[in-house]
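These notes concern the structure reproduced below.
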Amino acid sequence: MIDIKKEITNIIKENLDVSENIIYNNINEIKESDKGDYTFPCFTLSKELKKAPNIIADELRDSIDLNNIIEKVESVNGYLNFYINKEVLTKEVFKEYDLQKENYGSVNIGNGKTVLIDYSSPNIAKPFHIGHMRSTIIGKALYNFYKFLGYNVVGINHLGDYGTQFGKLIEGYKLWSKEYNIEENPIDELTKIYVRINNLCEEDNDVLERCRNNFKLLEEGDEYCVSLWNKFKELSLKEFNRTYDLLGSKFDSLKGEAFYIDKMGEVIDILEKNNKLTLSEGAKVVDLSEDGIDTPCIIQKSNGSSIYATRDLAAILYRSRTYDYYKNIYVTGSDQILHFKQIFAVSKYLGLDQKYIDGLEHVPFGMVRLPEGKLSTRKGNIVKLEDLLLDSIKHAKDIIKEKRGDIEDIDDISRKVGIGSVIFNDLYNSRIKDEVFDLNEMLNFQGETCPYIQYMYVRVNSIIKKYDKNVLLNEIDYSKLNDEQSYNIVKLLYNFTDIVSMAATKSEPYILSRYLIDLAKAYSAFYNTNKVLSDDIDERNARIYLINIVGEVLKKGMNLLGIQMPEKM
Ligand code: ARG
């Protein structure tokens, strides 16, 4: 499609001695206004050109040559406002749809570059808690965005499958496995064993010693310990997969922390060789004060064992070599900001090509606040994501039943609405904000919610089905779409790719979710003023073609967020 900002840049450039980039980046879209479509503020140029902004704008207005795309220009208080030819823009959007159909808006700016998304990454034998839900949902959305933009994307579940707690679990298992139904209910039962063995360790030093020894044996590859560890991992994954199935998550790699056990030696060697390791209370650490980080990064504890950070450093080395990544993105809670600052700083001393250091990105998010009541965290009883999701599906079903009675496919629809609502709610605000998990709010059909968009989508589809005629591009009379509501939709549709691109660049899925709400609202306004199946056949065809694209973009946009759309509801 034509790049309108570029077109505007070109005609300004002919009359202004300022770099193209500066002009381009200054141009903004005007939202919901009758003062034009794009604006170029002249304030920042004022100093350089030694002229008042309104004078610059006036002079530009008088000297600019209009063309078939830009049909009018106005100077208003230092802003230069541009009016785009509606028909030209509508044609662009329609042509793109005719060409790409359900892939409308997808591009290949990724051009073969590889983006790694390290997300979800729960810890084995521990509950999949609500923080991991956010990582799973945000990570998956970013994964989809980059795919849509033509990148090669690898989703990595960096499982927490390593640590001294496994020595304890092995001991607990040895002592009490018969008392617990681990196969049936792995995570709950293993958690109970873990709590119990921890208590015992506090009272009995011999037990603690045995646990430590188990961990040592595990590290040395002892057959029995490794087989138990494998069993814990398998059973945990089986349970995690139930949650992943609900959310529709799949991973390309499940290489967790344990994968890096034999790769940490190299990290220590390189840092040693580069004189970066210092001793601090017996531990080997990298001092990061020069990087503005007060807390040194521990690489090896005084007892010789590695830590979480060491394994992450080994993973950076491994990933640079294995994937030649363009970006290596980590999605975790904001409590890990320091951790990632540290390992990104240390990675500068690993002898890596600069591009691999530049490609590191941490995407932190805020906490989830649960409403009081049965979902709130009780002592020793962490809320499991699976329960939350099932609860939301049930809630959705109750609402749909109340509104529509026992409709066909109600289970499938409730699932799409219930799960979609949890995802949409998670992605509706800047990710660093704490999230409020309130089922009543997120399942409100009238709010800025998932079901609101799903419902609009279903309405679009029902009209299209009713008409039951495939309108062709060359049948369109563009003059039938000159009204404000139609044009608002066209402008939104034109922006779709840019929106996804911005959401990816900023790692902020809310940019897309809010856009989809805007589009659904614009559709609603259009529908209220325009009869789609009008008696005028040209009007009818043009409107049907337009809402076809609306439906396609609503669906694609929601899919990119990780949400499925019902065909009826
Ligand atoms: N397992 C960690 C946790 O639950 C998250 C891992 C994130 N990824 C990473 N490469 N450190 O907190």
Side-chain angles (χ1 to χ4, degrees), residues 114-143 153-166 169 187 190-191 194 229 232-233 236-237 239-240 243-244 247 249 251-261 263-264 267 295 297-299 306-323 325 327-347 350 352 356-357 359-368 377 382-386 431 507:
T114 298
V115 173
L116 312 179
I117 318 269
D118 176 323
Y119 71 108
S120 193
S121 311
N123 302 318
I124 297 299
K126 287 194 189 160
F128 194 114
H129 64 72
I130 198 144
H132 294 123
M133 166 188 90
R134 293 212 72 187
S135 175
T136 309
I137 292 174
I138 297 169
K140 168 86 177 295
L142 298 181
Y143 182 100
V153 198
V154 185
I156 302 176
N157 194 339
H158 186 82
L159 291 170
D161 55 2
Y162 191 75
T164 48
Q165 77 268 24
F166 290 102
L169 260 186
I187 306 277
L190 287 172
T191 310
Y194 186 66
W229 172 81
F232 299 152
K233 185 164 158 166
S236 305
L237 269 175
E239 197 170 323
F240 294 159
T243 304
Y244 289 142
L247 287 171
S249 317
F251 298 90
D252 304 303
S253 162
L254 284 174
K255 290 195 170 72
E257 295 187 39
F259 177 75
Y260 299 99
I261 300 178
K263 297 174 181 59
M264 290 184 286
V267 171
T295 329
C297 182
I298 301 176
I299 301 295
S306 62
I307 70 158
Y308 180 51
T310 329
R311 297 186 280 282
D312 260 329
L313 288 165
I316 292 177
L317 272 187
Y318 175 83
R319 291 175 187 177
S320 69
R321 292 165 187 164
T322 309
Y323 301 108
Y325 62 76
K327 278 189 182 187
N328 180 9
I329 297 174
Y330 300 84
V331 188
T332 79
S334 52
D335 51 338
Q336 296 197 32
I337 288 178
L338 177 64
H339 164 76
F340 284 101
K341 270 200 183 136
Q342 289 179 314
I343 64 159
F344 292 176
V346 176
S347 72
L350 292 178
L352 286 166
Y356 297 127
I357 297 160
L360 297 168
E361 181 183 337
H362 182 216
V363 175
F365 52 78
M367 303 215 309
V368 182
T377 317
I382 293 169
V383 183
K384 283 207 275 180
L385 176 55
E386 189 183 9
R431 60 185 148 70
S507 298

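Everything quoted here is computed from the prediction, not taken from an experiment. Ligands are counted one by one from 1 in listed order, and the atoms in each one are counted from 1 as well.
A 4.5 Å side-chain heavy-atom check between Leu360 and Ile316 finds at least one atom pair inside the cut-off.
Within the set Phe340, Tyr308, Tyr330, the minimum heavy-atom distance to atom 5 (C) of ligand 1 is found for Tyr308.
Between Ser507 and the options His362, Glu361, Lys327, a side-chain hydrogen bond (donor to acceptor under 3.5 Å, both in side chains) holds for only Glu361.
Of the protein's heavy atoms, His132 NE2, 2.8 Å lies nearest to atom 4 (O) of ligand 1. Here the protein heavy atom with the shortest distance to atom 2 (C) of ligand 1 is Ser121 O, 3.5 Å. Looking only at protein heavy atoms, the nearest one to atom 8 (N) of ligand 1 is Asp118 OD1, 3.1 Å. For atom 12 (O) of ligand 1, the closest non-hydrogen atom on the protein side is Gln336 NE2, 2.8 Å.
Geometric assessment of Lys140 against the ring of Tyr143 yields a negative cation-pi assignment under the 6.0 Å and 45° thresholds.
Here is the list of ligand 1 atoms found below 4.0 Å of a heavy atom in Asn123: 1 (N), 2 (C), 3 (C), 4 (O). Of all the atoms in ligand 1, the ones that sit under 4.0 Å from a non-hydrogen atom of Thr332 are 7 (C).
Ring geometry for Phe251 versus Tyr244: interplanar angle over 60°, hence perpendicular rather than tilted (30 to 60°).
More than 12 heavy atoms of other shown residues, nucleotides or ligands fall within 6.0 angstrom of atom CG in Leu317.
When heavy-atom distances to ligand 1 are checked against a 4.0 Å cut-off, Tyr260 has no atom that comes that close, whether in backbone or side chain.
The six-membered or imidazole ring of Tyr318 lies near that of Phe259, with a centre-to-centre distance under 6.0 Å.
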